[in-house]
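Heads up, the thing below is written out as structure tokens.
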Amino acid sequence: FRRRCLFKPAEPTRLAPGLLLRTSSRNDGVKRIMKKIPPQDNWGLAVYMMVRDARGRVLLLRRSQTVKHFPGCWEFPGGKPAPGERLDKTAQLEVSEETGLDVTPDGVAGAVEGSVPGLRVAMLIFEARASDTEVTLSDEHDVYCWLPPNQLRSLKLRPGFDTFVATYFKRRPQKRPVKSKAYERP
């Protein structure tokens, strides 16, 4: 008894860089556009914490000019988890290291995709409340600010965070404007 393949795989047709048009192998005549992920793309994971104070303002940190990726861009505190480390604990630790604040995650705010050269990054963003607003910056950042959500898009946000802020706060509108001030590291 010999099995035969009933369907011959279709030959892909290149539409544009990274996109292929392929006929379904189910032989239903439907053509599907498939995005081809280049083999050199690797995936990484980073976790961040969107910290809010009692007035509803959001903490943002500006990346120092000495960092390798995205100097001068604003972001939430966060970083990469160590192998086997719980994601919520990573986010807490990163907030503590980068700001000196002690926070506990309230839940997941969302996730976005970003990239650095040679690496695509899935960014998971937690929500947290801070009782204290006095921040002690690490060397990775040079300025911090507490801003009302309706002013976040006025800053040069790190790629990925711009998308998150645009969609997250569209679903959750700000109730009233709050004045803010930026603080530089001494």
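Side chains included, hydrogens not; waters and symmetry mates left out as well; all remaining heavy atoms used.
- Hydrophobic cluster membership differs between V103 and L93, with clusters built from Ile, Leu, Val, Met, Phe, Trp and Tyr side chains linked at under 4.5 angstrom.
- With V47 as the partner, the side-chain contact (heavy atoms from CB on, under 4.5 Å) test is satisfied by one option alone out of T90, V108, I125: T90.
- Just one residue in the list V58, L60, L157, V112 forms a side-chain contact (heavy atoms from CB on, under 4.5 Å) with V165, and that residue is L157.
- Residues forming a ring-ring contact (aromatic ring centres under 6.0 Å, His included) with F161 (at least two apart in sequence, or on another chain): Y48, F76.
- Between the CZ atom of F164 and the CE atom of M50 there is a distance of 4.5 Å, given to the nearest 0.5 Å.
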Test side-chain contact (heavy atoms from CB on, under 4.5 Å) on H141 and E75; report intermediate values, then the result. CA-CA 10 Å; H141 301 95; E75 65 183 1; 2.8 Å; yes

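- From K156, atom NZ reaches atom SG of C73 across 4.0 Å, with rounding to the nearest 0.5 Å.
- Residue L119 holds its CG atom at 10.5 Å from CG of L45, rounded to the nearest 0.5 Å.
- The side-chain contact (heavy atoms from CB on, under 4.5 Å) test with W74 singles out one residue from L61, V143, L152, and that residue is V143.
- Separating the CE atom in M49 from the CD atom in E94 is a distance of 10.0 Å, to the nearest 0.5 Å.
- Taking a 6.0 Å sphere around CG of D132, one finds it holds more than 12 heavy atoms contributed by other residues, nucleotides or ligands.
- At a threshold of 4.5 Å between non-hydrogen side-chain atoms, the residues P117 and H69 count as touching.
- Salt bridge absent: D53 and R55 never bring a charged side-chain N and a carboxylate O closer than 4.0 Å.
- Residues that satisfy the salt bridge (Lys or Arg N to Asp or Glu O under 4.0 Å) test with E113, not counting sequence neighbours, are R120.
- Within 6.0 Å of atom CZ in R153, 12 or fewer heavy atoms from other residues, nucleotides or ligands are found, so the atom counts as exposed in its surroundings.
- Across all their heavy atoms, V51 and A130 have their closest contact at CG1-CB, 3.5 Å.
- Separation of atoms CZ (R62) and CZ (R158) is listed at 16.0 Å; rounding is to 0.5 Å.
- Rounding to the nearest 0.5 Å gives a distance of 11.5 Å between NZ of K68 and CZ of R63.
- With sequence neighbours left out, the side chain to side chain contact (heavy atoms under 4.5 Å, CB included) criterion links V135 to L59, T99, L101, L137, Y144, W146.
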